[in-house]
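First comes the structure, then the notes that go with it.
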Amino acid sequence: VPPARCALFDPAFSAREAAALRALGLCLLQENEEGKHGVQGAATLFYMVHCGKALYNNLLWSNWSPAALSKLVIIGNSFRGIEERLLSRILERDYTYIAKVLKGVEEVALPSHPRYLDTFNDTSVHWFPLDKLQELSPEVWDFVEEPMYQDCEDLEIIRKGE
């Protein structure tokens, strides 16, 4: 992938880090999208290791259609792990889009490295096969409210303006 086609954002980038990334020819997003980045019809890889659940949920919401989701691949925290660690009522209330897409996602865990067992032990590659997405109930696709997280106690995201 040509560097100019790689878009990056981390609210914690220092000015020096941002300058170094730009010098490498990478594109830095100008504002905090809170993970709400659409694929605009192009196949897109999202590298989101150690991101909060809200970022994944927002990314799914931004691409909430079989056509769009089938174009994205996510390298990041295991969705199955999220499902296993959260009470189902919390998953469905706070991270609706993760909960709804679980039956439409394929996930393969990356092999763990013996030296970094506590660091990358929950990283998976996720993709959304169009045929699996089309098997989901039509009602799944009808709900498209933007996530707000008012009742979320452990929100792991830096919001716009913070």
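As the structure is a prediction and not an experimental result, all values here were calculated from the model.
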Those residues that, when tested against Glu146, pass salt bridge (charged side-chain N to carboxylate O under 4.0 Å, His left out) (two or more places apart): Lys36

Beyond-backbone contact of Leu60 with Lys100, side-chain heavy atoms, under 4.5 angstrom: no

Within one Ile-Leu-Val-Met-Phe-Trp-Tyr cluster: Phe9 and Val39, side-chain cutoff 4.5 Å: no

Heavy-atom closest pair, residues Leu102 and Arg80: O-NH2, 2.8 Å

Atom pair CZ/OG of Arg85 and Ser78 - distance to nearest 0.5 Å: 6.5 Å

Arg93 and Thr96, any side-chain heavy atoms less than 4.5 Å apart: no

Inter- and intrachain pairs under side-chain hydrogen bond (donor to acceptor under 3.5 Å, both in side chains), touching residues 58-67, at least two apart: Asn58-Tyr149

Val108 reachable from Tyr47 in the ILVMFWY side-chain graph, under 4.5 Å edges: yes

Ala4 versus Cys27, closest heavy-atom pair with distance: O-CB, 4.0 Å

Shortest non-hydrogen contact between Asp151 and Asp94, atoms and distance: C-OD1, 4.4 Å

Minimum side-chain heavy-atom gap Val101-Leu133 below 4.5 Å: yes

Asp122 (side chain) donor-acceptor with Asn77 (main chain) under 3.5 angstrom: no

Heavy-atom closest pair, residues Leu24 and Pro3: O-CB, 3.7 Å

Separation between SG of Cys51 and CG of Asn57, rounded to the nearest 0.5 Å: 13.0 Å

Contact check, side chains of Val105 and Leu69, non-hydrogen atoms, under 4.5 Å: no

Same apolar cluster (I L V M F W Y, side chains within < 4.5 Å links), Met48/Leu28: no

Residues Arg159, Glu34; criterion salt bridge (Lys or Arg N to Asp or Glu O under 4.0 Å); working and verdict: CA-CA 6 Å; Arg159 304 298 298 256; Glu34 298 179 352; 3.3 Å; yes

By salt bridge (charged side-chain N to carboxylate O under 4.0 Å, His left out) - contacts of Glu17 (at least two apart): none

Hphob cluster co-occupancy, Val49 + Leu8, side-chain heavy atoms under 4.5 angstrom: no

Closest heavy-atom pair and its distance - Tyr95, Cys152: OH-SG, 3.1 Å

Point-to-point distance, once rounded to the nearest 0.5 Å, from CG of Leu91 to CD of Glu84: 11.5 Å

Residues which pass side-chain contact (heavy atoms from CB on, under 4.5 Å) with Asp131, listed by chain and number, not counting sequence neighbours: Pro129

Met148 reachable from Phe143 in the ILVMFWY side-chain graph, under 4.5 Å edges: no

pair Tyr97-Leu59: side-chain heavy atoms closer than 4.5 Å: no

Set of salt bridge (charged side-chain N to carboxylate O under 4.0 Å, His left out) partners for Glu145, sequence neighbours left out: none

Closest non-hydrogen atom pair, His126 against Gly76: CE1-O, 3.6 Å

Parallel, tilted or perpendicular, as decided by the 30° and 60° cut-offs, for the rings of Tyr56 and Phe79: perpendicular

Rounded distance [0.5 Å steps], CZ in Arg22 versus CZ in Phe13: 9.5 Å

Test salt bridge (charged side-chain N to carboxylate O under 4.0 Å, His left out) applied to Glu156 - qualifying residues, sequence neighbours left out: Lys53

Arg5 atom CZ, neighbour heavy-atom count above 12 within 6.0 Å: no

